[in-house]
Amino acid sequence: MDQSDLMSMLDIESRPAKNKSKKRKWREIEAIQDQYRLRRELAELDLLLDEELSEA
(Lines give C-alpha, C1' and ligand atoms only; values in the text may rest on other atoms or scores of the structure.)
Protein backbone atom coordinates (compact mmCIF):
# COMPACT_ATOMS: atom_id res chain seq x y z
CA MET A 1 0.00 0.00 0.00
CA ASP A 2 1.47 3.34 -0.96
CA GLN A 3 0.92 6.89 0.19
CA SER A 4 -1.66 7.66 -2.50
CA ASP A 5 -3.89 4.97 -0.96
CA LEU A 6 -3.44 6.55 2.44
CA MET A 7 -4.30 9.98 1.11
CA SER A 8 -7.40 8.67 -0.65
CA MET A 9 -8.56 7.19 2.66
CA LEU A 10 -8.06 10.54 4.36
CA ASP A 11 -10.20 12.45 1.87
CA ILE A 12 -13.42 13.68 3.40
CA GLU A 13 -16.58 12.64 1.64
CA SER A 14 -19.07 15.31 0.64
CA ARG A 15 -21.99 13.52 2.25
CA PRO A 16 -22.19 12.94 6.00
CA ALA A 17 -21.00 9.51 7.07
CA LYS A 18 -22.50 7.34 9.76
CA ASN A 19 -20.65 6.90 13.05
CA LYS A 20 -19.87 3.24 12.35
CA SER A 21 -18.30 4.01 8.98
CA LYS A 22 -16.26 6.84 10.53
CA LYS A 23 -14.97 4.51 13.23
CA ARG A 24 -14.17 1.84 10.66
CA LYS A 25 -12.32 4.35 8.47
CA TRP A 26 -10.25 5.58 11.41
CA ARG A 27 -9.43 1.99 12.39
CA GLU A 28 -8.22 1.37 8.84
CA ILE A 29 -6.14 4.56 8.90
CA GLU A 30 -4.61 3.60 12.25
CA ALA A 31 -3.80 0.12 10.92
CA ILE A 32 -2.01 1.66 7.92
CA GLN A 33 -0.09 4.01 10.20
CA ASP A 34 0.92 1.04 12.37
CA GLN A 35 2.20 -0.78 9.27
CA TYR A 36 4.32 2.24 8.26
CA ARG A 37 5.63 2.58 11.82
CA LEU A 38 6.55 -1.12 11.93
CA ARG A 39 8.32 -0.93 8.56
CA ARG A 40 10.28 2.11 9.72
CA GLU A 41 11.28 0.40 13.00
CA LEU A 42 12.33 -2.77 11.17
CA ALA A 43 14.39 -0.73 8.72
CA GLU A 44 16.12 1.03 11.62
CA LEU A 45 16.87 -2.28 13.31
CA ASP A 46 18.22 -3.68 10.06
CA LEU A 47 20.53 -0.69 9.70
CA LEU A 48 21.76 -1.12 13.26
CA LEU A 49 22.40 -4.82 12.66
CA ASP A 50 24.31 -4.06 9.46
CA GLU A 51 26.51 -1.56 11.33
CA GLU A 52 27.24 -4.08 14.11
CA LEU A 53 28.18 -6.76 11.60
CA SER A 54 30.51 -4.43 9.70
CA GLU A 55 32.32 -3.47 12.93
CA ALA A 56 32.93 -7.11 13.91
**Inter-residue atom distance R40.CZ - Y36.OH, 0.5 Å rounding** = 10.5 Å
**Message:** Could you measure the distance from the CD atom of E30 to the CD atom of Q33? Nearest 0.5 Å is fine.
**Reply:** 6.5 Å
**Fill in**
Across all chains, not counting sequence neighbours, the side chain to side chain donor-acceptor pair (under 3.5 Å) partners of R37 are D34
